[in-house]
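Heads up, the thing below is written out as C-alpha cells.
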Amino acid sequence: MPRIGFLINPVAGMGGSVGLKGTDGNADEARRRGAMPHSQERAEITLNGLKNLPDLFFITCSGEMGEDALRMCGITCYRVAYRCRGTSTAEDTKKAVSAFLQEKVDLILFCGGDGTARDVFVVAGRAVPILGIPAGVKMYSAVFAIDTAAAAALVSGSYNLQDAEVMDVDEEAYRNGILETHLYGVARIPARAHMTQVAKQVFEEPDEERAKEEIARFMQEVMIPDSLYILGAGTTTEAIARRLGIQKTLLGVDVIHNGSLVASDADEKTLLDLAGSCPETRIVISPIGAQGFILGRGNQQISAAVVRKAGLQNLIVVATPHKLRETPFLYVDSGDQDLNREFGESVLVISGYRIAQRKKIYRSS
C-alpha cells in the first residue's frame, strides 16, 4: 500500500489577492488586508480525487496542516505523525517532513507555494519524491502539478520520476519590482506529460523587445475611450504602459483609464471596486514564460471574481512570438473550476501589430 506524506501550508497564497506578491513572513499583514486562506480548499479538491482509492495510506500532520482536510473529504486511512502546536511555521513543515521520512513514505504531497517547496526539499532532498499542489503566489519551482486535478491524477496513476528545479524568489526584492530567483536544488517528482509545470523563464532578446513594441503599438490603437484597462504583470504589459507614457509596476497589476494611471500595484478589492464603477472593463495579461499560465501564477489579484466582473470576452492575452514558440500550451488555474472550463479549448493571443495566433489551452481533466 503506497504511503503518502501529506501536509498543507495553511497560509500559502494569502498574499496574492491583496497584492503582497508572497506570504513568506507576511501572513499577519495579509490577514490585516482581508486575505482569506485557500490552501485547504485547494488541497481538498486534490483529495476528493483520491478518496475512493483503497490502496492509499496517508501520513499527515494535525489540524489545518493536513488532518482537517482529510477528514473533510471523508478519508479515514491516515495516521498523524506530526502534531503542530499553535500557528504553523516553516519549522513545522520541516519537522513534519522529518517525521514522514521516519515513516518511510513513498511520496510527499504538499500544498503550498515556492517557500513550502523549499522547506520540504531542505529536509527531503532526493531521498523521496515530492509533489506540490499549487496554492502559492509565485510558484517558480518545477515541482508543482499544473493544477489540483493534475496532482490527483499523478498520485493515483502511473508515472515516471524526473528531476525538477526547486526555486524561490527574494520576496522583499520582488515587492520592490526586482526579480531575483535562486535555485535551491533539484528534487525528484512524479511526472507525466503536461501534468507538472516547468520552471519560469524570462525571455530577453533584441527581437523580443521589438515584438513587445509592436504589440504595444497595436494595443494603443485599439484601446476604447472610457473603458477601464487592467494590466497584468510582466514586460509585455509594461511595454503597453510605456507606449502610453505611463510608468507601470513590472511585477504588479495596474489600472489605466483614458490614458491615465488610476491604480498602481492594485489588489483584488481595488480591481473589483474600479470595475464596478466603469461601464466596461478589459483585462490585458501575458502568460508566464515557458510555464504558460494565463491565470493562477503571480497574478492572483486578477481573481476569478475580477474576470467575471469584466467578462471573459474582455480578457486579452498578449505574448511575443518567441514566448509562444517556447510555451507548448497555455494553462488556466483561476481557482474556479467553472471559469477554467469556460475558456474553451484555445485562446487568441495578440503577438504583434495586427497579428494574433490561436494557442491551445491544456486541461488535466
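Position 1 is the first residue of the sequence, and the numbers go up from there.
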Checklist entry - Run the side-chain contact (heavy atoms from CB on, under 4.5 Å) check on V284 and I230 step by step: do they pass? => result CA-CA 6 Å; V284 184; I230 296 172; over 6 Å; no
Checklist entry - Between R188 and D163, is there a donor-acceptor pair closer than 3.5 Å when you use the side chain of the first and the backbone of the second? => result no
Checklist entry - Is a side-chain donor or acceptor of Q197 paired with a backbone partner of S141 at a separation under 3.5 angstrom? => result yes
Next on the checklist: Pairing donors with acceptors under 3.5 angstrom, does anything connect the side chains of T270 and D267?
Outcome noted: yes
Item to check | I130 versus P190, closest heavy-atom pair with distance | outcome: O-CD, 3.4 Å
Checklist entry - Does Q220 reach the side chain of L244, with side-chain heavy atoms less than 4.5 Å apart? => result yes
Next on the checklist: Would R118 and D114 count as a salt bridge (charged side-chain N to carboxylate O under 4.0 Å, His left out) here? Give the steps.
Outcome noted: CA-CA 6 Å; R118 184 187 65 216; D114 281 330; over 6 Å; no
Next on the checklist: For a quick check under 3.5 Å, do K212 and T235 share a side-chain donor-acceptor pair by atom type?
Outcome noted: yes
Checklist entry - Is R85 paired with D92 through a side-chain N to carboxylate O contact shorter than 4.0 Å? => result no
Next on the checklist: Side chains of R297 and D333, heavy atoms from C-beta outward: is any pair under 4.5 Å?
Outcome noted: yes
Checklist outcome for this item: Output for pair (K51 NZ, C73 SG), nearest 0.5 Å, gives 6.0 Å
Checklist entry - Does the side chain of F110 come within less than 4.5 Å of I133's, by heavy atoms? => result no
Checklist entry - Between I215 and G352, what is the shortest heavy-atom contact and its length? => result CG1-N, 3.5 Å
Next on the checklist: When you compare the side chain of P129 with that of I189, does any pair of heavy atoms fall below 4.5 Å?
Outcome noted: no
Item to check | Considering all heavy atoms, the nearest V166-A187 contact | outcome: CG2-CB, 3.9 Å
Checklist entry - Just wondering, are more than 12 heavy atoms of other shown residues or ligands nearer than 6.0 Å to CD in Q357? => result yes
Checklist entry - Do Y353 and E213 have a side chain donor and acceptor closer than 3.5 Å? => result no
Item to check | side-chain contact (heavy atoms from CB on, under 4.5 Å) between L272 and V306, intermediate numbers included | outcome: CA-CA 6 Å; L272 287 170; V306 172; 3.8 Å; yes
Checklist entry - About how many Å separate CD1 of I8 and CG of D68, when rounded to the nearest 0.5 Å? => result 8.0 Å
Next on the checklist: Does L101 form a side-chain contact (heavy atoms from CB on, under 4.5 Å) with K104? I'd like the steps, not just the answer.
Outcome noted: CA-CA 5 Å; L101 295 181; K104 301 188 184 305; over 6 Å; no
Item to check | Between CE on residue M65 and OG1 on residue T60, distance to nearest 0.5 Å | outcome: 8.0 Å
Checklist entry - Out of curiosity, does L56 fall in the hydrophobic cluster containing M195 (side-chain heavy atoms, cut-off under 4.5 Å, transitive links)? => result yes
Checklist outcome for this item: Distance col, row K269:NZ vs D273:CG, nearest 0.5 angstrom, shows 4.0 Å
Checklist entry - Honestly curious: do Y82 and V80 fall in one hydrophobic cluster under the side-chain, below-4.5 Å linking rule? => result no
Item to check | Short side-chain donor-acceptor distance under 3.5 Å, S39 and N9 | outcome: no
Next on the checklist: Please say yes or no: joined through hydrophobic side-chain contacts below 4.5 Å, possibly via intermediate residues, are L109 and L70 part of one cluster?
Outcome noted: yes
Item to check | Under 3.5 Å donor-acceptor, S62 side chain and C84 backbone | outcome: yes
Checklist entry - Is the backbone of A153 close enough, under 3.5 Å, to the side chain of R192 for a donor and an acceptor to pair up by distance? => result yes
Checklist entry - Is there a side-chain contact (heavy atoms from CB on, under 4.5 Å) between R79 and F57 once you walk through the steps? => result CA-CA 8 Å; R79 180 169 67 253; F57 189 84; 3.9 Å; yes
Checklist entry - Is there a side-chain contact between I350 and F218, using heavy atoms and a 4.5 Å cut-off? => result yes
Checklist entry - Is there a side-chain contact between E67 and Y78 (heavy atoms, below 4.5 Å)? => result yes
Next on the checklist: Go through it in stages, so that I can follow the logic: the residues are D338 and R341, the test is salt bridge (charged side-chain N to carboxylate O under 4.0 Å, His left out), and I'd like the CA-CA distance, side-chain angles, deciding distance and then a yes or no.
Outcome noted: CA-CA 5 Å; D338 291 335; R341 286 188 286 269; 2.6 Å; yes
Next on the checklist: Take a 6.0 Å sphere around CD of E345 and say whether it holds more than 12 heavy atoms from other residues, nucleotides or ligands.
Outcome noted: no
Next on the checklist: Could you measure the distance from the CD atom of E165 to the CG atom of L183? Nearest 0.5 Å is fine.
Outcome noted: 5.5 Å
Checklist entry - Between the side chain of S334 and the main-chain N/O of A304, is any donor-acceptor distance below 3.5 Å? => result no
Item to check | Where C111 and T116 come nearest, the two heavy atoms and their spacing | outcome: O-CG2, 4.4 Å
Next on the checklist: Checking side-chain polar atoms at under 3.5 Å, does S303 have a donor or acceptor matched by the opposite partner on E268?
Outcome noted: yes
Checklist entry - Are R3 and E103 within salt-bridge range, i.e. N to O under 4.0 Å? => result yes
Checklist entry - When the aromatic ring centroids of H257 and Y229 are compared, is their separation below 6.0 Å? => result no
Item to check | Spatial distance of atom CZ (R83) from atom NZ (K95) [nearest 0.5 Å] | outcome: 15.5 Å
Next on the checklist: Distance alone, cut at 3.5 Å: any donor-acceptor contact between the side chains of T148 and R42?
Outcome noted: no
Next on the checklist: Please determine whether a side-chain nitrogen of the Lys or Arg among E342 and R308 lies less than 4.0 Å from a carboxylate oxygen of the Asp or Glu.
Outcome noted: yes
Checklist entry - Counting only N and O atoms by type, is there a donor-acceptor contact under 3.5 Å from the side chain of K248 to the main-chain atoms of T237? => result no
Checklist entry - Between T196 and Q162, what is the shortest heavy-atom contact and its length? => result OG1-NE2, 4.1 Å
Next on the checklist: Which residue is it: F343, F293, F144? I am looking for the one with a ring-ring contact (aromatic ring centres under 6.0 Å, His included) to Y331.
Outcome noted: F293
Item to check | For I302, the option from I294, L315, I285 that meets side chain to side chain contact (heavy atoms under 4.5 Å, CB included) | outcome: I285
Checklist entry - Any sub-3.5 Å donor-acceptor pair from D254's side-chain atoms to T249's backbone N or O? => result yes
Checklist entry - Taking the side chain as C-beta and beyond, is there a heavy-atom pair between C61 and F100 under 4.5 Å? => result yes
Checklist entry - So do the side chains of N299 and L295 get within less than 4.5 Å of each other, counting heavy atoms only? => result yes
Next on the checklist: Distance alone, cut at 3.5 Å: any donor-acceptor contact between the side chains of K323 and S351?
Outcome noted: no
Checklist entry - Going hydrophobic residue to hydrophobic residue with side-chain gaps under 4.5 angstrom, can you get from F6 over to I75? => result yes
Checklist entry - Between L339 and V332, is there a shared hydrophobic cluster once you connect ILVMFWY residues whose side-chain heavy atoms come closer than 4.5 Å? => result yes
Checklist entry - Which atoms form the tightest heavy-atom contact between A142 and A164, and what is the distance? => result O-CB, 3.4 Å
